[in-house]
Amino acid sequence: MTKEPQRARAVFSTEDFDLMKEAVASYVKQIADDPRSAKFSNLYHRLGRLG
């Protein structure tokens, strides 16, 4: 008899995504002149789709 693997539990809650989105938004403002700000801005938008 073969057991099926257990389903993985979520690592983050919906509330966690809201907190991460808020933190990333704040960081994007702090590094606005840095070329990496575009990458963090994209991350911000991806987090918005998740949570």
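From a predicted model like this one, the values you see are computed outputs, not experimental measurements.
- Across all their heavy atoms, Val11 and Asp16 have their closest contact at O-OD2, 4.4 Å.
- The distance from atom CD of Glu4 to atom CZ of Arg7, rounded to the nearest 0.5 Å, is 12.5 Å.
- Grouping the Ile, Leu, Val, Met, Phe, Trp and Tyr side chains by contacts below 4.5 angstrom, directly or via other members, places Leu19 apart from Leu43.
- Note that OH of Tyr44 and CE of Met20 are 13.5 Å apart. Values are rounded to the nearest 0.5 Å.
- Considering only heavy atoms from C-beta on, Val24 stays 4.5 Å or farther from Lys21 through its side chain.
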Evaluate side-chain contact (heavy atoms from CB on, under 4.5 Å) for Arg36 paired with Tyr27, printing each intermediate quantity in order. CA-CA 11 Å; Arg36 296 179 313 146; Tyr27 188 62; 3.1 Å; yes
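- Side-chain N or O atoms of Ser37 include one that pairs as donor or acceptor with a backbone N or O of Asp34 at under 3.5 Å.
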